[in-house]
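In what follows, every heavy atom counts, from backbone to side chain, and hydrogens, waters and symmetry copies are set aside.
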Amino acid sequence: MDENPSFPVFPMHFRGILLLAGMYTLAWSAIIRLVGSSLMEWLADGNAVIESLPVNYYGGLGILVGLMIFFSAFYPISWVYLIIAGITGKIILAIWFGLDFVSVLGWNKRTAFMLIFNEILWLIPLIAVFLRALQVKNYLLDQGEMTD
């Protein structure tokens, strides 16, 4: 009977998921920050838009979240808490967009795309990557090959 469990592997495509999610979040957030008012008019799909929407703050937070997710790809096992910070940031962005922006812009296919495909859908692969990184980190800590 083997007393050592099999070594959990952190595959390279999980790093690619982190890089892609970080770049995607960073790009959309930069677009929101740079051309936020025009994008909000397009998202409103004909509804009245209040100019007081905090697009600069939302875009700035999104850039920060995108950078956290992107940088976590370089050392995903050591920086596992950076991954969870990025997941938390994506959840905060989704709640913020859902409560603050959708109430003003209205619920339509454009705002649904923005909320579902840019924030919520990315949570599934990010959580899977986080769980695998945590599994590998815990295994290495148990084996004494890594210090916390």
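- Under a hydrophobic-cluster definition in which Ile, Leu, Val, Met, Phe, Trp and Tyr are linked whenever side-chain heavy atoms come within less than 4.5 Å, directly or via other members, Val129 and Met12 are assigned to different clusters.
- Rounding to the nearest 0.5 Å places CD1 of Ile87 at 11.5 Å from CD1 of Ile124.
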Stepwise side chain to side chain contact (heavy atoms under 4.5 Å, CB included) check, Tyr139 with Asp142: CA-CA 5 Å; Tyr139 177 84; Asp142 289 343; 5.8 Å; no

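- Inter-residue side-chain proximity for Ser29 and Val65 is flagged as unmet; no heavy-atom pair is nearer than 4.5 Å.
- Nearest approach of Trp96 to Pro54, heavy atoms of both residues: CZ2-CG, 3.7 Å.
- In this structure, OG in Ser38 is found 12.5 Å from CD1 in Ile32, a value given to the nearest 0.5 Å.
- Of the possible polar contacts, one joining the Arg15 side chain to the Phe74 backbone as a donor-acceptor pair under 3.5 Å is found.
- With hydrogens and angles ignored, the 3.5 Å screen pairs a side-chain donor or acceptor of Asn138 with a backbone N or O of Leu134.
- Judged by distance alone, the side chain of Arg132 and the main-chain N or O of Phe10 form no donor-acceptor pair under 3.5 Å.
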Could you give me the CA-CA distance, side-chain angles and deciding distance for Leu18 and Leu126, then say whether side chain to side chain contact (heavy atoms under 4.5 Å, CB included) is met? CA-CA 7 Å; Leu18 289 172; Leu126 287 174; 3.8 Å; yes

Let me see the working for Met40 and Leu43 under side chain to side chain contact (heavy atoms under 4.5 Å, CB included), right down to the final yes or no. CA-CA 5 Å; Met40 293 303 128; Leu43 285 173; 3.9 Å; yes

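- Remark: Ile84 CD1 to Phe130 CZ distance equals 4.0 Å, nearest 0.5 Å.
- Annotation: side chain of Phe71 is in contact with side chain of Leu82 (closest heavy-atom distance under 4.5 Å).
- How far CD1 of Ile116 is from CZ of Phe97: 10.5 Å, rounded to the nearest 0.5 Å.
- Of all the heavy atoms in Asn108 and Ala44, the pair that sits closest is ND2-O, 3.6 Å.
- In terms of modelled atom types and a separation under 3.5 Å, the side chain of Thr111 and the main chain of Gly106 share a donor-acceptor contact.
- Counting heavy-atom neighbours within 6.0 Å of Tyr75 OH, excluding the residue itself, gives a total of 12 or less.
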Criterion side chain to side chain contact (heavy atoms under 4.5 Å, CB included) on Tyr58 and Leu93, from CA distance to verdict: CA-CA 7 Å; Tyr58 183 82; Leu93 287 171; 3.6 Å; yes

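- Relative ring orientation between Trp122 and Tyr24 is described as tilted, the plane-to-plane angle lying within the 30° to 60° band.
- Checked by atom type and distance alone, the side chain of Lys90 pairs as donor or acceptor with a backbone atom of Asn118 at under 3.5 Å.
- No side-chain heavy atom of Leu26 sits less than 4.5 Å from a side-chain heavy atom of Phe70.
- A distance of 10.5 Å separates CD in Gln135 from CG in Leu140, rounded to the nearest 0.5 Å.
- Tyr57 OH: 12 or fewer foreign heavy atoms inside a 6.0 Å radius.
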